[in-house]
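Heads up: the structure comes next, in structure tokens.
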Amino acid sequence: MERVLNKWGLKLIFAISLLFITTSVNAASLKVGEKEFEDFLEAVDEANTSGNPIVLQNDYSYGASSEEEYESDIDIEKKVSIDLNNFTFSIGKITNSSELEIYNGILKADYKSVLSNNVITNEENATLTLRNVKTKLSNQAKRLLNNEGIATLNNVTLQSSSATNAVENSATGTVTLENCIIELNYQIIMNSGKMTINGGTYKNTDGSTLIRNDGVMTINDGTFETQDFTIGSVINLNAGSTLEINNGNFKGVHGIISNCISTNFTCSGTTKITINNATFNTTANLIETALATTHNTEITIYDGNYTTTEDINVFSLSGNGVVTINLYGGTFNAPNASNISGKTDTATATFNIGKDDGTVNQIPNFNIQGGKIDVADETKFNFYDGVIRLKNKISKIDDKPDGYDVCYSEENGYIRAELKTSCDTTVPDNPEEGNSEGDNSSLGEGEVENPQTGSTVNWIALSIFLVLTIALLWIIRKKNVFHRL
């Protein structure tokens with residue numbers, strides 16, 4: 001009886017296994033509604049007609065494995081949605097001229113992508129959406145997306161050691177990145193059109209600029225980091241571009257560079273940088289300008305936290321052109337910074353510290369501990385509001401609110417500069433070195449202290465000397481009286 005059961009058991013297992021194998025072999029790879037397909041283009045036609053998405057039933061490849069297989073390029077000319085269904089869709093190259101949506105799975109770029117560098121090309125007036133997609137690029141694929149139309153990448157992951165950048169957006173393109181994770185060795189983004197970043201993590205490791213912006217860019221949130229290098233910046237702005245940052249964390253050597261990326265230095269226009277709130281941690285300049293003759297830069301900061309850690313300028317200005325820096329709020333920490341602003345060459349620069357609105361609220365906050373504000377002759381330094389802590393007094397102040405003086409006081413070994421209606425304290429120019437010539441804390445530019453006034457330090461020393469002298473005379477007198485007794 002046991003042998004019979006074993007015999008029938010083996011037959012049953014064999015039959016189930018055969019059925020499973022047969023079903024797996026014959027199962028269709030693609031499904032549109034209730035219809036099954038093996039050919040991708042046929043599935044595209046059905047999806048466009050029915051309005052149903054193409055749903056992968058297993059891992060599916062429509063990609064080339066060698067350069068000779070040109071026919072495996074995918075041209076999307078009809079509206080279609082592809083549900084990866086948590087499977088892997090292997091492709092060579094996709095060119096979209098219609099409306100394409102890919103979501104929920106893995107998109108793998110095969111060898112063929114090297115012939116165009118782009119895994120996906122989204123043409124002008126076309127619409128592309130990638131949602132909940134993890135992308136895998138071969139060593140030959142250099143770019144995930146070249147966009148000329150409208151593209152949205154939502155929760156897209158790309159980690160590659162060979163890709164030169166993830167997204168290149170042309171002048172006609174509009175791109176939105178939402179909560180993406182992109183980590184490359186090289187540059188992440190090149191933008192010449194309009195781009196919005198709503199959260200996510202963006203990192204590179206080789207020393208290239210993380211983001212290059214030649215167009216209009218808005219960053220609402222996210223983490224942006226350049227790692228293990230000695231040059232480069234988190235964001236490099238070309239002449240005439242616009243950058244608005246509303247939130248986010250930025251880490252790198254340089255924070256933002258306003259540059260003229262041109263071989264003949266014919267850049268023109270005004271680069272505009274507006275930071276409403278952000279956190280920057282840099283080992284070099286927070287913002288650096290390298291200006292062409294007709295390239296101007298306007299920088300406005302309303303709030304945020306900004307820290308530089310090396311012995312370098314918070315703002316570095318060089319080249320030609322006109323630079324305007326409006327600092328209306330925020331906290332700036334530069335424990336080892338040499339200066340809040342670097343010397344300029346022939347650039348005309350204006351620093352507005354605080355708003356020129358007649359009110360003094362002691363914002364923004366500058367902690368230039370270990371540094372100074374040494375204003376170049378061609379730079380205007382207007383102090384309208386805020387508190388500045390540094391090692392030396394401000395070398396030049398061009399304008400301040402009516403009825404206010406710039407007052408200095410000593411605070412934990414540093415000089416505190418702030419605006420008051422009258423100054424009631426005095427400190428030396430450098431609290432570590434002292435100032436034997438007296439203080440000029442409340443004097444305007446060009447005024448000289450009355451030498452007969454002396455300094456607070458000298459009066460204290462004289463008072464101590466007189467007290468000690470009187471005490472000594474009293475002791476001597478008491479001693480003489482004792483001896484006579």
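No donor-acceptor distance shorter than 3.5 angstrom exists from the side chain of T176 to the backbone of T152, with no hydrogens or angles considered. Put simply, the side chain of D385 gets close to the backbone of Q362: a donor and an acceptor are under 3.5 Å apart. In this structure, the side chain of K272 does not engage the main chain of E244 through any donor-acceptor pair within 3.5 Å. Remark: the backbone N or O of G215 is not paired with any side-chain donor or acceptor of S192 at under 3.5 angstrom. No side-chain donor-acceptor contact under 3.5 Å links N147 to the backbone of N169. A donor-acceptor pair is defined here as one N or O able to donate and one able to accept, closer than 3.5 Å; no such pair exists between the side chain of N118 and the backbone of I120. Listed for the T201 side chain is no donor-acceptor partner under 3.5 Å among the backbone atoms of G222. N213 places a side-chain N or O within 3.5 Å of a backbone atom of T242 that can act as its donor or acceptor partner. The main-chain N or O of I102 is never found under 3.5 Å from a side-chain atom of D83 such that the two would form a donor-acceptor pair. With D405 contributing its side chain and C407 its backbone, the two residues share no donor-acceptor pair below 3.5 Å.
A cation-pi arrangement is absent between K108 and F89, since the terminal nitrogen or guanidinium carbon is not both under 6.0 Å from the aromatic centre and inside a 45° cone about the axis. A cation-pi geometry, defined here as NZ or CZ lying under 6.0 Å from the six-membered ring centre and within 45° of its normal, does not hold between K380 and F351. For K355 and Y328, the positive end sits near the middle of the six-membered ring, less than 6.0 Å away and at most 45° from its axis.
With contacts defined as side-chain heavy-atom distances shorter than 4.5 Å, the pair I301/D303 does not qualify. Looking at L327 and I325, their side chains come closer than 4.5 Å, going by heavy atoms from C-beta outward. At least one side-chain heavy atom of L128 sits under 4.5 Å from a side-chain heavy atom of L145. Under the 4.5 Å side-chain criterion, counting only non-hydrogen atoms from C-beta, Y384 is not in contact with D357. The shortest distance between side-chain heavy atoms of L419 and K400 falls below 4.5 Å. F224 is listed as a side-chain neighbour of I211, based on a closest heavy-atom distance under 4.5 Å. No side-chain heavy atom of I219 sits under 4.5 Å from any side-chain heavy atom of N198. Side-chain contact between S81 and Y103 is present, with at least one heavy-atom pair separated by less than 4.5 Å.
By the side chain to side chain donor-acceptor pair (under 3.5 Å) test, T127 is found to be paired with no residue, residues two or more places apart in sequence or in another chain being considered. Evaluation of the side chain to side chain donor-acceptor pair (under 3.5 Å) rule for S160 yields S162 as partners, not counting sequence neighbours. Listed by chain and number, the residues in a salt bridge (Lys or Arg N to Asp or Glu O under 4.0 Å) with R131 are E101 (sequence neighbours excluded). Listed by chain and residue number, nothing satisfies the side chain to side chain donor-acceptor pair (under 3.5 Å) test with N361 (two or more places apart in sequence, or in another chain). E124 is linked by a salt bridge (Lys or Arg N to Asp or Glu O under 4.0 Å) to nothing, counting only residues two or more places apart in sequence or in another chain. Scanning for side chain to side chain donor-acceptor pair (under 3.5 Å) contacts around T421 gives an empty result, with sequence neighbours left out.
Between V167 and L153 the shortest heavy-atom distance is CG2-CD2, 4.2 Å. Summarising the geometry of L390 relative to N392, their closest heavy-atom pair is CD1-O, 2.7 Å, with the distance given to 0.1 Å. The shortest non-hydrogen separation linking F250 to A278 is CE1-CB, 4.0 Å. Summarising the geometry of V406 relative to C423, their closest heavy-atom pair is O-SG, 3.9 Å, with the distance given to 0.1 Å. Shortest non-hydrogen contact noted between M190 and N165 is SD-ND2, 3.6 Å. When every heavy atom of L158 is checked against every heavy atom of A166, the shortest pair comes out as CD2-CB, 3.6 Å.
With rounding to the nearest 0.5 angstrom, the OG1 atom of T218 is 10.0 Å from the CG atom of N276. With values rounded to the nearest 0.5 angstrom, T157 atom OG1 is found 8.5 Å from I182 atom CD1. A distance of 9.0 Å separates CG of L210 from CD of E225, quoted to the nearest 0.5 Å. Atoms CG and CG, on D221 and N179 in that order, are 8.5 Å from each other to the nearest 0.5 Å. With rounding to the nearest 0.5 angstrom, the OH atom of Y404 is 11.5 Å from the CD atom of E418. Of the inter-residue distances, the one linking F383 atom CZ with I394 atom CD1 reads 5.5 Å to the nearest 0.5 angstrom.
The one candidate from I94, N122, T129 that meets the side chain to side chain contact (heavy atoms under 4.5 Å, CB included) condition with L100 is I94. Checked against L107 for a side chain to side chain contact (heavy atoms under 4.5 Å, CB included), the options T135, I82, V156 give a single hit: T135.
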Next on the checklist: Before you tell me yes or no, could you show the steps for N132 and N155 under side chain to side chain donor-acceptor pair (under 3.5 Å), namely the whole-Å CA-CA distance, both residues' side-chain angles and the distance that decides it to 0.1 Å?
Outcome noted: CA-CA 5 Å; N132 299 328; N155 195 25; 2.9 Å; yes
Next on the checklist: Is there a side chain to side chain contact (heavy atoms under 4.5 Å, CB included) between Y306 and I275? Walk through the geometry before answering.
Outcome noted: CA-CA 11 Å; Y306 308 89; I275 304 178; 3.1 Å; yes
Next on the checklist: For a side chain to side chain donor-acceptor pair (under 3.5 Å) check, start with the C-alpha distance between N326 and Y302, then their side-chain angles and the critical distance, and finish with the verdict.
Outcome noted: CA-CA 8 Å; N326 303 310; Y302 290 96; over 6 Å; no
Checklist entry - Checking side chain to side chain donor-acceptor pair (under 3.5 Å) for the pair R389/N412: CA distance, chi angles, key distance, verdict? => result CA-CA 10 Å; R389 300 172 186 83; N412 298 324; over 6 Å; no
